[in-house]
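The structure under discussion appears below in the form of structure tokens.
Computed from heavy atoms alone, side chains included, the values below leave out hydrogens, waters and symmetry copies. The chains referred to below are lettered A, B, ... by the order of the sequence lines, with proteins before strands, and numbering in each begins at 1.
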Protein chains: 2
Amino acid sequence: MTEEKANRAPTIIDIAREAGVSKSAVSRALLGQGRISEEARSRILDAAQRLGYVKNAMAQGLVAQRTHTLGVLVRDAVRPFYGQLHAALQGRAIEGGYRVVTATGVRDFALAEERRALQTLLSLRVEGLVVCSGLLPARDITPFVERVPTVVAGRPEPHPAINSVYCDEEDGAEQLVDHLVSLGHRRVAVLLVPEALSFTQYARTAAMVNGLRERGVDTVVTELADGREAPADAVPALLADREITAIMCPQDDAMVSVLERLRRAGVRVPDDMSVTGFDGIGPLTTPLLGLTTLRQPLDEVGRRAIDLLLELREDRSMPTRHIPLRGALVAGTTTAPPPPHPARR
Amino acid sequence: MTEEKANRAPTIIDIAREAGVSKSAVSRALLGQGRISEEARSRILDAAQRLGYVKNAMAQGLVAQRTHTLGVLVRDAVRPFYGQLHAALQGRAIEGGYRVVTATGVRDFALAEERRALQTLLSLRVEGLVVCSGLLPARDITPFVERVPTVVAGRPEPHPAINSVYCDEEDGAEQLVDHLVSLGHRRVAVLLVPEALSFTQYARTAAMVNGLRERGVDTVVTELADGREAPADAVPALLADREITAIMCPQDDAMVSVLERLRRAGVRVPDDMSVTGFDGIGPLTTPLLGLTTLRQPLDEVGRRAIDLLLELREDRSMPTRHIPLRGALVAGTTTAPPPPHPARR
DNA sequence: TTGAAAGCGGTACCAC
DNA sequence: GTGGTACCGCTTTCAA
């Protein structure tokens with residue numbers, strides 16, 4: 001009799017046979033609940049060990065109507081933002097006694113794939129859902145919020161039926177503005193992201209503009225176009241305006257491309273020009289770059305999102321909550337007081 | 001009659017009732033196979049739509065003995081390395097018609113959590129498994145390779161029973177060595193990672209040392225200790241050796257900390273000192289930093305890993321394969337010919 | 001073409 | 001304490 005190459009996974013019936021008991025007994029022993037003699041229990045556990053038993057989550061979930069699993073929908077695993085958030089969610093979920101399964105989109109067919117990923121998670125009958133995607137619109141989520149507790153994490157989601165936890169973009173923008181103002185900048189450029197491109201980035205850059213104007217600072221607004229090089233492409237025009245002493249970018253990624261362009265133009269940062277970013281997470285936080293930015297509290301966002309989800313499980317009639325969390329200003333080496341004679345550069 | 005707040009998900013029986021057919025008919029209509037009258041089909045599909053039906057993957061997988069799902073075990077979602085790999089795997093799996101579920105460890109209880117994540121995936125009865133973790137040892141994987149096709153991606157896994165796809169570390173190290181040699185460097189320091197800390201990084205740094213020596217270059221080997229600051233801490237001693245004109249780092253992360261330390265020491269890169277890294281992925285690839293490094297072919301690693309997995313599904317008796325993939329040298333602005341009078345610096 | 005019924009791998013209730 | 005049995009939601013024969 002030759003060994004099968006691809007052997008099927010053993011079931012509790014296999015264990016029962018091996019241990020000479022009924023499958024009910026096996027179930028009780030494995031679950032560690034219900035009455036079993038100590039002797040039977042150990043025979044069963046032995047057999048399970050010997051056979052390399054791994055429980056079938058499908059069968060178990062089907063009958064128990066519980067999966068002890070939380071689902072996380074992540075937009076794009078490549079971005080450090082989502083990676084950090086994902087890890088934070090994962091960590092807290094484990095602490096709460098839940099397992100986590102994640103599904104992601106792929107860059108090219110973004111929206112369609114995210115819908116599919118959502119279906120995957122729902123079809124697994126996760127007991128709670130965290131959506132981390134600036135892309136997936138509320139109307140794709142709402143049909144299921146009554147069915148499974150759902151929290152949107154990492155983006156403000158104003159929809160009255162959807163809970164959300166996110167970085168307070170307005171506050172963050174103001175912190176950066178205050179930083180520049182206190183350094184003495186009087187004419188500042190903001191790279192404004194159109195609402196259609198990214199609501200989050202629109203919100204924060206719009207808040208930068210408002211904050212600056214409220215504080216009486218001359219504000220030059222440059223609306224960004226789509227495309228990878230877009231932020232940096234705005235630089236030449238800004239340099240032409242000799243009174244501008246600082247540039248506020250919507251994101252650290254964009255900021256880096258702006259810094260690169262400034263360097264190529266021979267503009268020293270921060271001596272000739274101050275530059276700010278937004279996010280403050282991932283490899284770009286290295287002191288080698290020393291970005292002045294606003295660090296999003298992603299660890300806290302993740303924690304609070306899970307906590308909210310678990311509360312929601314307890315009390316399904318809880319009113320919707322929208323939880324903004326404060327970020328922290330990171331004063332790096334890309335900002336300084338404006339040069340005494342900006343026109344000289 | 002008040003609406004339930006948490007309504008349970010509709011089943012095919014609900015649809016059957018709604019459409020006035022049997023649940024068998026619903027199943028056939030939803031699967032799009034088996035004979036059904038066009039009229040019944042559309043009534044069923046309508047009802048499913050109306051009820052917001054989402055199939056129960058557990059019930060379906062249980063009876064069909066197929067899940068159409070691949071499992072990905074990822075060590076740490078925070079690192080760009082794993083993020084990139086994860087995304088590549090995801091993309092290819094979708095192309096192959098599979099869904100992907102991911103489970104990850106958490107940083108603190110790393111190994112224990114990875115084992116748990118592996119169990120989660122296995123309990124879901126994924127039809128293939130990709131392990132992306134330098135941490136999880138082969139002996140945790142081998143018990144299941146007969147049961148579910150498995151590929152280790154992103155690290156060389158020499159175990160004769162485990163398939164693997166990974167970046168060719170030796171070749172990559174030699175490409176970097178050749179680059180430095182062709183620039184004219186004659187005395188080079190290598191930051192060697194101990195085997196116990198990371199086998200992958202050990203392999204590549206050891207290959208750097210060998211490559212340099214084979215080419216007759218003076219090689220200064222500095223064995224790194226554990227700890228976050230370790231790579232940079234080696235810098236002062238290297239600077240004391242005035243003949244060293246280049247430093248080879250085990251990773252881009254480490255390289256960045258070395259660059260930072262050099263900058264603080266007033267050493268210009270690449271004028272006074274050349275520096276190389278390894279990985280070439282993620283935000284650190286920005287031209288602003290211009291790292292000279294070896295870019296790991298992670299997209300290809302991901303693709304090939306999935307392809308291998310699917311082949312394995314076809315033919316379970318396929319012999320084990322270990323597939324090294326060549327990386328690409330990225331010549332940045334952190335390397336240049338050595339200064340004419342290194343002792344002058 | 002359609003529906004009844006068996007059964008996937010578990011859990012839980014039930015007599016014994 | 002133990003084993004028999006119904007059933008979770010679905011797919012898949014098999015008759016009608």
**Asked** Is there side-chain contact between A/Q33 and A/R28, with at least one heavy-atom pair below 4.5 Å?
**Response** no
**Request:** Examine distances only and state if a side-chain atom of A/R147 and a backbone atom of B/R8 form a donor-acceptor pair shorter than 3.5 Å.
**Result:** no
**Request:** Can you pull out how bent the helix from C/dT1-D/dA16 to C/dC16-D/dG1 is, comparing the axes over its first five and last five pairs, to 10°?
**Result:** 50°
**Asked** If we ignore angles and hydrogens, is there a donor and acceptor under 3.5 Å between the side chains of A/H159 and A/T142?
**Response** no
**Prompt:** Does a donor on one side chain and an acceptor on the other come within less than 3.5 Å for A/R304 and A/Y166?
**Reply:** no
**Prompt:** Whole-Å distance between C/dT1 C1' and B/E38 CD?
**Reply:** 13 Å
**Request:** Go through the side-chain N and O atoms of B/R313 and B/Y98 and say whether any donor and acceptor fall under 3.5 Å apart.
**Result:** yes
**Asked** Does the side chain of B/C132 reach to within under 4.5 Å of the side chain of B/L89, using non-hydrogen atoms?
**Response** yes
**Prompt:** Short question: side chain of B/T200, backbone of B/R155 - any donor-acceptor pair under 3.5 Å?
**Reply:** no
**Complete:** Protein-proximity profile, nucleotides 3-16 of chain D, B/S/- by nucleotide at the 4.0 Å heavy-atom cutoff, equals BBB--BBBBB----
**Item:** Sequence-distant partners of B/R139, side chain to side chain contact (heavy atoms under 4.5 Å, CB included), two or more places apart
**Value:** B/P137
**Item:** Distance, rounded to the nearest Å, where B/I44 contributes CD1 and C/dT1 contributes P
**Value:** 13 Å
